[in-house]
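Keep in mind that the numbers below use all heavy atoms, side chains included, and drop hydrogens, waters and symmetry copies.
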Amino acid sequence: GRAIHKAIADYLNTGAVYTGDPVVLHGFLKAKEWLEDPKNNISILKAEDETKDTIHFSQQYEYCCKPDLLLRFGDYPAILDWKTNKDFYLEMIAQLAANAQAVRESKPEWDPWSGYIVRLPKDGVSDIEVMKLKPGDLTKGLNIFLIHFLIHYTTWILKLLILLSLFMME
């Protein structure tokens, strides 16, 4: 999965066309075809790269992220996450929504109006699958992310308290 991500990011950042492994090449070409399809009217704002200027920080919720792609569909800013999983999962929506929130806070001019989760083929023959998220979907996804975040850290604090109480009993 990471090889396809890198091939797409390299192409978007430098124009380098991937020519290696046939399975990765297939996923790369499918993504390239979708991005360049005139009916999608896509323009790239920022593709992930190795610099820190692709890291976005949410001061409100205190986390950072590195979105795969910030783009425009026509006049509307959007955020995109490449996936190579076999299906779409709720966690993907939560992650994309959290990324959108961090971008909204750190680059208000790029405030993602919508989101896209694009499943890339890893079998060398399938097509891509696109899930479009509207603004309301991003809001719901952020709520899911925040609930998961709260549960994770509450569990961590409870474990710490249990360890401390065991230590105090000795």
Side-chain angles (χ1 to χ4, degrees), residues 1-13 24 27-37 39-123 126-155:
R2 188 73 208 139
I4 296 173
H5 276 78
K6 183 170 177 2
I8 296 166
D10 287 349
Y11 173 71
L12 294 173
N13 288 315
V24 174
F28 165 77
L29 291 174
K30 288 295 182 180
K32 181 179 178 298
E33 176 183 301
W34 182 75
L35 287 168
E36 295 175 351
D37 186 335
K39 74 177 180 196
N40 290 333
N41 194 18
I42 293 173
S43 58
I44 306 302
L45 294 172
K46 185 70 178 162
E48 179 184 15
D49 61 27
E50 300 308 314
T51 64
K52 64 181 177 183
D53 69 333
T54 58
I55 297 172
H56 299 273
F57 182 70
S58 168
Q59 290 185 348
Q60 183 176 359
Y61 300 112
E62 298 184 351
Y63 65 88
C64 62
C65 67
K66 200 168 186 177
D68 290 339
L69 185 59
L70 298 170
L71 62 156
R72 286 190 185 280
F73 271 82
D75 294 331
Y76 299 101
I79 188 166
L80 181 145
D81 199 12
W82 304 113
K83 295 294 184 189
T84 53
N85 303 59
K86 292 183 180 186
D87 207 348
F88 292 106
Y89 301 102
L90 191 57
E91 293 83 3
M92 294 175 180
I93 298 169
Q95 177 192 2
L96 186 68
N99 288 354
Q101 176 66 30
V103 170
R104 188 173 294 119
E105 289 182 42
S106 62
K107 293 276 191 197
E109 67 274 19
W110 290 354
D111 183 358
W113 185 82
S114 60
Y116 293 83
I117 299 171
V118 179
R119 260 186 11 89
L120 301 167
K122 286 197 312 185
D123 60 6
S126 300
D127 205 353
I128 63 170
E129 293 180 59
V130 180
M131 176 190 287
K132 179 180 179 181
L133 304 173
K134 295 177 241 166
D137 299 328
L138 290 175
T139 301
K140 291 173 190 170
L142 181 61
N143 290 336
I144 293 165
F145 170 80
L146 294 173
I147 290 167
H148 175 76
F149 194 73
L150 179 64
I151 290 169
H152 175 78
Y153 283 101
T154 302
T155 303

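Annotation: Lys30, atom NZ; neighbour count of heavy atoms from other residues, nucleotides and ligands within 6.0 Å is above 12. Heavy atoms from other residues, nucleotides or ligands lying under 6.0 Å from OH of Tyr76 number 12 at most. Residue Lys66 places its NZ atom among more than 12 non-hydrogen atoms of other residues, nucleotides or ligands, all under 6.0 Å distant. Annotation for Glu62: atom CD does not count as buried by contact number, only 12 or fewer foreign heavy atoms lying within 6.0 Å. Around the CG atom of Asp123, the shell of radius 6.0 Å holds more than 12 heavy atoms that belong to other residues, nucleotides or ligands. Shown here is Lys140, whose NZ atom has no more than 12 heavy atoms of other residues, nucleotides or ligands within 6.0 Å.
Shortest non-hydrogen contact noted between Arg72 and Glu109 is NH2-O, 4.0 Å. In plain terms, the two heavy atoms of Ala97 and Gly141 that are nearest each other are CB-C, 3.4 Å. Looking at every heavy atom in both residues, Leu70 comes nearest to Trp110 through CD1-CE3, 3.2 Å. Shortest non-hydrogen contact noted between Ala47 and Leu12 is CB-CB, 3.7 Å. Here the closest non-hydrogen pair linking Pro121 and Ser126 is CG-O, 3.3 Å. Across all non-hydrogen atoms, the minimal contact from Phe57 to Glu105 is O-CB, 4.1 Å.
Phe28 and Tyr11 have perpendicular rings, their planes meeting at more than 60° on a 0 to 90° scale where under 30° would count as parallel.
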Residues Gln95, Lys83; criterion side-chain contact (heavy atoms from CB on, under 4.5 Å); working and verdict | CA-CA 12 Å; Gln95 177 192 2; Lys83 295 294 184 189; 2.7 Å; yes
side-chain contact (heavy atoms from CB on, under 4.5 Å) evaluation trace for Ile147 with Ile151 = CA-CA 6 Å; Ile147 290 167; Ile151 290 169; 3.8 Å; yes
When you look at Leu120 and Ile8, which way does the side-chain contact (heavy atoms from CB on, under 4.5 Å) test go after all the steps?
-> CA-CA 11 Å; Leu120 301 167; Ile8 296 166; 3.7 Å; yes
Take His5 and Arg2, measure what side-chain contact (heavy atoms from CB on, under 4.5 Å) needs, and give me the verdict at the end.
-> CA-CA 5 Å; His5 276 78; Arg2 188 73 208 139; 3.4 Å; yes
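Using modelled atom types, no side-chain atom of Asp49 and backbone atom of Thr54 make a donor-acceptor pair closer than 3.5 Å. Remark: the backbone N or O of Glu48 is paired with a side-chain donor or acceptor of Asn13 at under 3.5 angstrom. The backbone N or O of Lys134 sits less than 3.5 Å from a side-chain atom of Asp137, completing a donor-acceptor pair.
Under the 4.5 Å side-chain criterion, counting only non-hydrogen atoms from C-beta, Leu45 is not in contact with Lys107. The shortest distance between side-chain heavy atoms of Trp34 and Ile42 falls below 4.5 Å. Under the 4.5 Å side-chain criterion, counting only non-hydrogen atoms from C-beta, Leu35 is not in contact with Asn40. Considering only heavy atoms from C-beta on, Val103 comes within 4.5 Å of Ile79 through its side chain.
Here NZ of Lys122 is found 7.5 Å from CD1 of Ile4. Values are rounded to the nearest 0.5 Å. Between Asp127 atom CG and Arg119 atom CZ the span is 10.5 Å, to the nearest 0.5 Å. The OG atom of Ser43 sits 7.5 Å away from atom CG of Leu71, with the distance rounded to the nearest 0.5 Å. Taking CG of Leu96 as the start and CG of Asp68 as the end, the distance is 9.0 Å to the nearest 0.5 Å. Between atom CG of residue Asn99 and atom CG of residue Leu80 there is a gap of 11.0 Å, rounded to the nearest 0.5 Å. Note that the OG atom of Ser106 and the CD atom of Gln101 stand 10.0 Å from one another [nearest 0.5 Å].
Aromatic ring centres of Phe145 and Tyr61: separated by at least 6.0 Å.
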